[in-house]
Amino acid sequence: MDSYQHVFVMRHGDRLDNFDPHWAATAPRPWDPPLFDAGVVRAFGTGQRILTQSTFPIHRVFVSPFLRCILTASEVVAALSSLPNAMSSIDKPKLKVAIEYGLCEMMNSVAIWPQVSPRDGNFDFNISDLEAMFPEGMVDHNVDPIYKEMPKWGETIEGCRERYVEVVKALADKYPTENLLLITHGEGLDTIFSNFFKDATVHEVDYCAYVELRREVSSKDGDVETGEYEVVLSHGQTGIRFSHDPVVIPTPV
């Protein structure tokens with residue numbers, strides 16, 4: 001049997017601290033803002049768009065532990081479960097969610113300002129509280145995460161980009177017969193798009209922007225073989241502004 005595995009990688013919605021400059025001054029966790037109201041609306045709308053444009057179900061959602069990503073995932077999951085359409089074959093109880101540390105924000109002062117980051121460098125998350133934000137029975141507690149803990153503070157930009165690619169590939173390989181939605185941060189989406197769409201230069205990534213990757217999956221006698229990833233561009237504008245300048249190798253005279 002030949003088919004395709006689809007993997008969506010999406011940025012979180014509009015973060016509150018970018019719209020309320022005073023929020024961080026009194027917040028107990030100023031490095032972990034929630035969504036702005038517009039971000040909630042945008043996240044749900046993006047989930048609806050993915051739902052209406054797809055002819056296949058999303059089986060699993062993996063999400064960064066940062067609150068803005070969790071709240072985005074909650075809205076997207078609600079949207080994926082809301083509309084009867086071409087994806088009505090989705091079996092709601094079977095849509096599963098899991099938190100993946102490897103999808104987290106870039107752990108350095110480029111992404112998280114020193115004035116708001118924890119002084120002890122401890123980015124702590126109450127995973128049980130975060131999991132409670134999803135419908136009962138949707139969180140898959142049997143998932144073995146790719147990253148068992150948060151990456152250490154001070155990772156390099158290049159190291160972070162390698163992490164994002166590693167995690168996306170590892171999750172896809174772990175569930176080759178399932179379609180995935182991974183909710184991460186701007187750097188993560190930029191990295192994945194640039195890595196899989198060769199010779200592309202990303203100029204801007206909007207809130208809730210996303211990219212769809214797909215690869216052929218073949219199954220025979222219980223063995224699964226996978227093809228190369230390709231970036232699906234048929235959905236139109238998905239919030240990523242880029243230019244594509246393939247390298248031209250001159251033909252010898």
Side-chain angles (χ1 to χ4, degrees), residues 7-13 15 17-18 30-33 62-70 72-73 98-125 144-175 180-215 226 228-233 238-249:
V7 179
F8 288 90
V9 181
M10 176 180 169
R11 186 189 182 191
H12 59 77
R15 49 188 288 174
D17 56 342
N18 279 352
W31 48 271
D32 192 20
F62 291 93
V63 56
S64 159
F66 281 79
L67 183 58
R68 54 192 178 275
C69 291
I70 297 292
T72 298
I99 294 172
E100 171 56 58
Y101 287 121
L103 293 172
C104 76
E105 180 65 278
M106 183 162 56
M107 297 301 289
N108 59 36
S109 58
V110 175
I112 305 175
W113 297 339
Q115 57 265 39
V116 300
S117 62
R119 293 182 179 179
D120 60 1
N122 181 25
F123 291 81
D124 62 312
F125 295 94
D144 187 24
I146 306 302
Y147 271 64
K148 315 299 183 188
E149 58 184 18
M150 287 289 289
K152 300 302 182 185
W153 177 256
E155 70 176 340
T156 64
I157 294 176
E158 186 59 34
C160 173
R161 290 174 175 167
E162 291 175 357
R163 163 167 63 86
Y164 285 132
V165 173
E166 172 199 355
V167 169
V168 169
K169 286 183 175 181
L171 288 172
D173 287 344
K174 195 172 183 179
Y175 304 97
L180 312 181
L181 171 61
L182 315 180
I183 298 179
T184 183
H185 302 261
E187 186 68 28
L189 179 54
D190 182 330
T191 297
I192 296 305
F193 187 89
S194 301
N195 185 82
F196 290 101
F197 192 43
K198 300 302 182 183
D199 305 315
T201 300
V202 175
H203 303 291
E204 190 172 359
V205 173
D206 291 339
Y207 289 120
C208 287
Y210 63 91
V211 63
E212 179 190 347
L213 309 176
R214 75 173 186 176
R215 61 176 177 172
T226 57
E228 297 296 320
Y229 291 99
E230 61 178 324
V231 174
V232 178
L233 298 175
T238 61
I240 304 173
R241 279 176 280 284
F242 67 95
S243 57
H244 187 230
D245 302 303
V247 175
V248 177
I249 301 177

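- Atom OG of Ser194 sits about 7.5 Å away from atom CZ of Arg161, to the nearest 0.5 Å.
- Under the ring pair (Phe, Tyr, Trp, His ring centres under 6.0 Å) criterion, Phe193 pairs with Phe197, Phe242, sequence neighbours left out.
- Between Pro145 and Lys174, the closest heavy-atom pair is N-NZ, 4.4 Å.
- Listed for the Arg215 side chain is no donor-acceptor partner under 3.5 Å among the backbone atoms of Val7.
- Exactly one of Glu187, Glu155, Glu100 qualifies for a salt bridge (Lys or Arg N to Asp or Glu O under 4.0 Å) with Arg163. That residue is Glu155.
- Under the rule for a salt bridge (Lys or Arg N to Asp or Glu O under 4.0 Å), the partners of Arg241 that lie at least two apart in sequence or sit in another chain are Glu204, Asp206.
- Side chain of Thr201 to main chain of Ser243: no donor-acceptor pair is present (N/O by atom type, distance under 3.5 Å, no hydrogens or angles).
- Residues that satisfy the salt bridge (Lys or Arg N to Asp or Glu O under 4.0 Å) test with Lys152, not counting sequence neighbours, are Glu149.
- Considering only heavy atoms from C-beta on, Val63 comes within 4.5 Å of Ile70 through its side chain.
- No side-chain heavy atom of Trp153 sits under 4.5 Å from any side-chain heavy atom of Pro118.
- Rounding to the nearest 0.5 Å places NZ of Lys169 at 10.5 Å from OG1 of Thr226.
- Here the CZ-CG distance, from Arg11 to Asp190, works out to 10.0 Å after rounding to the nearest 0.5 Å.
- With sequence neighbours left out, Thr184 forms a side chain to side chain donor-acceptor pair (under 3.5 Å) with no residue at all.
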Give the C-alpha distance, both sets of side-chain angles, the deciding distance and a yes or no for side-chain contact (heavy atoms from CB on, under 4.5 Å) between Cys104 and Phe123. CA-CA 11 Å; Cys104 76; Phe123 291 81; over 6 Å; no
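- Here the straight-line distance linking atom CG of Leu182 with atom CZ of Phe8 works out to 10.5 Å at 0.5 Å rounding.
- In this structure, Ile146 and Ala170 approach most closely via the heavy-atom pair CD1-CB, 3.8 Å.
- With sequence neighbours left out, the side-chain contact (heavy atoms from CB on, under 4.5 Å) criterion links Asn108 to Met106, Val110, Ala111, Ile157.
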Determine, stepwise, if the pair Val232 / Leu213 fulfils side-chain contact (heavy atoms from CB on, under 4.5 Å). CA-CA 6 Å; Val232 178; Leu213 309 176; over 6 Å; no
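- Shortest non-hydrogen contact noted between Pro65 and Met150 is CG-SD, 3.9 Å.
- Heavy-atom minimum distance, Cys208 versus Met10: SG-CE, 3.7 Å.
- With sequence neighbours excluded, the residues satisfying side chain to side chain donor-acceptor pair (under 3.5 Å) with Glu212 are His6, His235.
- By the salt bridge (Lys or Arg N to Asp or Glu O under 4.0 Å) test, Glu105 is found to be paired with Arg68, residues two or more places apart in sequence or in another chain being considered.
- His185 has its ring centre less than 6.0 Å from the ring centre of Phe66.
- Applying the side-chain contact (heavy atoms from CB on, under 4.5 Å) test to Glu162 and every residue at least two apart in sequence or in another chain returns Glu158.
- Taking each heavy atom of Leu67 and Pro33 in turn, the nearest pair found is CB-O, 4.0 Å.
- For Asp144, the salt bridge (Lys or Arg N to Asp or Glu O under 4.0 Å) criterion is met by Lys148, not counting sequence neighbours.
- Tyr147 is linked by a side chain to side chain donor-acceptor pair (under 3.5 Å) to Glu166, counting only residues two or more places apart in sequence or in another chain.
- Annotation: the span from Tyr164 atom OH to Thr191 atom OG1 amounts to 7.0 Å, rounded to 0.5 Å.
- Shown here are the side-chain contact (heavy atoms from CB on, under 4.5 Å) partners of Trp113, two or more places apart in sequence or in another chain: Gln115, Val116.
- The side chain to side chain donor-acceptor pair (under 3.5 Å) test applied to Asp32 returns Arg29, not counting sequence neighbours.
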Determine whether Leu189 and Val211 satisfy the following criterion, side-chain contact (heavy atoms from CB on, under 4.5 Å), listing intermediate values before the conclusion. CA-CA 8 Å; Leu189 179 54; Val211 63; 3.5 Å; yes
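- Between the side chains of Asn18 and Tyr207, at least one donor N or O sits under 3.5 Å from an acceptor N or O.
- Here the closest heavy-atom approach between residue Pro114 and residue Ser117 is recorded as O-OG, 3.2 Å.
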